[in-house]
Colleague: 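Pasting in a structure now, in structure tokens, and then I'll have a few things to ask.
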Amino acid sequence: MVKWIPLVLLAINFGYSQNKIDKAKDELNQPSNTTVGPSNSNHAGGRSRGRTHQSDPSLLEFFITDIAFGLVKYGLIGSYATEDHLHYGATPYPLQKLGKGSYSSDSDYPLWRTHFQNRFLYSNNTLIGNEIQCSIHPSKYFYASVSYAAFWEFNRIEDRTNHLNLFYFHLHYDRIRLEQFQLGWKIGMSYIGTGVNKAGFSYGLQAQYFFQKNYSIAGNITWSQINQQPVNQLDVQIKRHWNNYHLHLGYQHYRIGSPQFRFIGLGGGIYL
């Protein structure tokens, strides 16, 4: 009897390890815990009547507002009057010229640029995925992207395959546009299909550094919530560039609800 205990424990652990997608779907489909508290209209009305004489904005409020506006403008957008790198143009593709990545001070390339990439995601012999991304640069000042990730989890105990689709739609702005380094932010939405069919607000950061002759390292992080559950992504990639093509190898991490999905990603892309 004792010799069967390790096999039973292994089977239990194996079964739990194969239920990440089902657990993520269950959590995203749970009813929201939003509650509406008692109305405070009378109390609020009483406060407003009692403070009518204090409703005029003070000098301190104007000062705080100006500081907040300055932080948003210069922190997120930048000063086009004093920061020359914000006027750098997009290159046809990264490293077209030695030492010049996605932006260049002497670029006269037309504004439109499209980037396609695909990567295969491997976690273990029961969990794999694939991600397709497309970004369109209609301007040197901003660009848009859509990504589609599909995950498959093979449940060999129950002889079935669980499936999950995840979409991200973003508008990007690169706050720093140097010839070898770029850093920016993004804002948009996330959407999960396959039985969930819900969307949420998303935002994040992206960066890329070009080093040596034909290599770069790129990072991307996205925060989102769907039905009050996190739908987050983190990926880091090393890219090898050949003309307008590239191959990449990296690490990709997703948190969908409480389950976490960790992958090694291998793929390639093309700039058009």
Side-chain angles (χ1 to χ4, degrees), residues 68-97 99-107 109-117 119 131-149 166-190 200-211 215-225 231-239 241 244 246 248 250-254 265 267 269-272:
F69 177 77
L71 289 175
V72 172
K73 178 181 179 181
Y74 295 105
L76 297 180
I77 306 300
S79 173
Y80 281 81
T82 59
E83 298 181 65
D84 292 339
H85 65 91
L86 293 177
H87 297 281
Y88 284 9
T91 57
Y93 52 86
L95 300 175
Q96 181 202 27
K97 296 180 181 179
K100 298 181 185 294
S102 291
Y103 296 97
S104 173
S105 59
D106 59 358
S107 175
Y109 184 69
L111 296 180
W112 192 275
R113 186 179 78 182
T114 305
H115 179 210
F116 294 97
Q117 58 180 336
R119 68 178 63 99
E131 184 183 36
I132 302 173
Q133 294 180 346
C134 175
S135 63
I136 299 175
H137 297 239
S139 166
K140 65 181 179 181
Y141 301 112
F142 67 90
Y143 58 100
S145 73
V146 57
S147 69
Y148 164 64
L166 170 61
F167 295 85
Y168 284 116
F169 307 90
H170 287 117
L171 182 69
H172 301 252
Y173 178 84
D174 282 335
R175 173 61 181 85
I176 298 176
R177 304 175 199 151
L178 302 177
E179 293 185 335
Q180 289 185 288
F181 176 72
Q182 63 196 66
L183 172 66
W185 51 266
K186 59 185 176 180
I187 187 171
M189 65 172 288
S190 58
F201 173 74
S202 65
Y203 62 96
L205 301 170
Q206 72 269 339
Q208 188 165 200
Y209 172 66
F210 297 88
F211 62 95
Y215 291 90
S216 69
I217 181 169
N220 169 72
I221 185 169
T222 305
W223 295 278
S224 180
Q225 274 199 344
V231 181
N232 303 336
Q233 177 195 19
L234 168 70
D235 68 75
V236 180
Q237 305 168 30
I238 296 289
K239 296 184 177 182
H241 300 265
N244 61 323
H246 68 80
H248 56 260
Y251 168 78
Q252 205 138 326
H253 175 264
Y254 295 86
I270 183 173
Y271 292 86
L272 300 175

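Residue indices begin at 1 and follow the sequence shown. FYI, side chains are in, hydrogens and waters are out, and symmetry mates aren't considered; it's all heavy atoms of this structure.
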Colleague: Backbone N or O of Phe201 within a donor-acceptor pair of the Ser224 side chain at under 3.5 Å?
Modeller: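 Such a contact is found between Ser224 side chain and Phe201 backbone.
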Colleague: To the nearest 0.5 angstrom, please state how far the CG atom of Leu183 sits from the CD atom of Gln206.
Modeller: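 Result: 7.5 Å between the selected atoms.
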Colleague: Going by side-chain hydrogen bond (donor to acceptor under 3.5 Å, both in side chains), name the residues that satisfy it together with Tyr103, two or more places apart in sequence or in a different chain.
Modeller: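 So Tyr103 forms a side-chain hydrogen bond (donor to acceptor under 3.5 Å, both in side chains) with Asp174.
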Colleague: Inspect the surroundings of OH in Tyr215 and state if more than 12 heavy atoms from other residues, nucleotides or ligands are less than 6.0 Å away.
Modeller: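 Not more than 12 within 6.0 Å, no.
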Colleague: Could you tell me which non-hydrogen atom of Leu76 sits nearest to which non-hydrogen atom of Trp185, and how far apart they are?
Modeller: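 So the two residues come closest at O-NE1, 2.9 Å.
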Colleague: If we ignore hydrogens and angles and just use 3.5 Å, is the side chain of Lys140 paired with the main-chain N or O of His87 as donor and acceptor?
Modeller: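 Indeed, once roles are kept as given, a pair shorter than 3.5 Å links the two residues.
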Colleague: How far apart are the closest heavy atoms of Thr91 and Ser104, and which atoms are they?
Modeller: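 Shortest heavy-atom separation between Thr91 and Ser104 comes out as CG2-CB, 3.7 Å.
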Colleague: Restricting to side-chain contact (heavy atoms from CB on, under 4.5 Å), what partner residues turn up for Phe116, sequence neighbours left out?
Modeller: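 If we apply the side-chain contact (heavy atoms from CB on, under 4.5 Å) test to Phe116, skipping adjacent residues, the hits are Thr114, Cys134, Ile270, Leu272.
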Colleague: Taking the side chain as everything from C-beta on, heavy atoms only, tell me whether Leu86 gets closer than 4.5 Å to Arg175.
Modeller: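 Of all side-chain heavy-atom pairs linking Arg175 with Leu86, at least one is under 4.5 Å.
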Colleague: Just how far is it from atom CD of Gln225 to atom OH of Tyr203, taken to the nearest 0.5 Å?
Modeller: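 It is 8.0 Å, given to the nearest 0.5 Å.
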Colleague: With distance as the sole criterion, is a donor-acceptor pair present between the side chains of Glu131 and Gln133 under 3.5 Å?
Modeller: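 A donor-acceptor contact under 3.5 Å links the two side chains.
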Colleague: Determine, step by step, whether Tyr173 and Phe142 satisfy the ring-ring contact (aromatic ring centres under 6.0 Å, His included) criterion, reporting the C-alpha distance in whole Å, the side-chain angles of both residues, the deciding distance to 0.1 Å, and the verdict.
Modeller: CA-CA 5 Å; Tyr173 178 84; Phe142 67 90; 8.8 Å; no
Colleague: State, to 0.1 Å, how close Ile136 and Trp112 come at their nearest heavy-atom pair, and which atoms those are.
Modeller: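 Where Ile136 meets Trp112 most closely, the heavy atoms are CG2-CZ2, 3.2 Å.
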Colleague: Between His115 and Tyr271, is there a donor-acceptor pair closer than 3.5 Å when you use the side chain of the first and the backbone of the second?
Modeller: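 A pair under 3.5 Å: no.
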Colleague: If you compare all heavy atoms of Phe210 against all heavy atoms of Leu95, which two are closest, and at what distance to 0.1 Å?
Modeller: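 For Phe210 and Leu95, the tightest heavy-atom pair comes out as CD2-CG, 3.9 Å.
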Colleague: Under the side chain to side chain donor-acceptor pair (under 3.5 Å) test against Ser216, which residue among His241, Gln237, His246, His248 passes?
Modeller: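 So the option named by the test is His241.
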Colleague: Taking Asn220 for its side chain and Asp235 for its backbone only, find out whether a donor-acceptor pair lies under 3.5 Å.
Modeller: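 No: the side chain of Asn220 does not pair with the backbone of Asp235.
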Colleague: To the nearest 0.5 Å, what is the distance between CZ (Phe167) and CD1 (Ile132)?
Modeller: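 Here the rounded value is 9.5 Å.
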Colleague: Report the distance from atom OH of Tyr88 to atom CD1 of Ile176, rounding to the nearest 0.5 Å.
Modeller: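 Tyr88 atom OH to Ile176 atom CD1 measures 12.5 Å (nearest 0.5 Å).
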Colleague: Could you tell me if the side chain of Leu166 sits less than 4.5 Å from the side chain of Gln233, heavy atoms only?
Modeller: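 No - every pair of side-chain heavy atoms lies 4.5 Å or more apart.
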Colleague: Just verifying a value: how many Å separate His172 NE2 and Ile187 CD1, rounded to the nearest 0.5 Å?
Modeller: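 Answer for the NE2-CD1 pair, His172 versus Ile187, is 11.5 Å.
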Colleague: Let me confirm one number: the CD-OH distance from Gln180 to Tyr209, rounded to the nearest 0.5 Å.
Modeller: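 Nearest 0.5 Å value for the CD-OH distance: 5.5 Å.
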Colleague: Strictly by modelled atom types, are Gln182 and Ser102 linked by a side-chain donor-acceptor pair under 3.5 Å?
Modeller: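 A donor-acceptor contact under 3.5 Å links the two side chains.
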Colleague: For Thr222, give me all partners under side-chain hydrogen bond (donor to acceptor under 3.5 Å, both in side chains), at least two apart in sequence or on another chain.
Modeller: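 So Thr222 forms a side-chain hydrogen bond (donor to acceptor under 3.5 Å, both in side chains) with Lys186.
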Colleague: Return yes if some donor-acceptor pair links the side-chain N/O of Glu179 with the main-chain N/O of Ser105 below 3.5 Å, else return no.
Modeller: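 Flag set: sc Glu179 to bb Ser105 pair under 3.5 Å.
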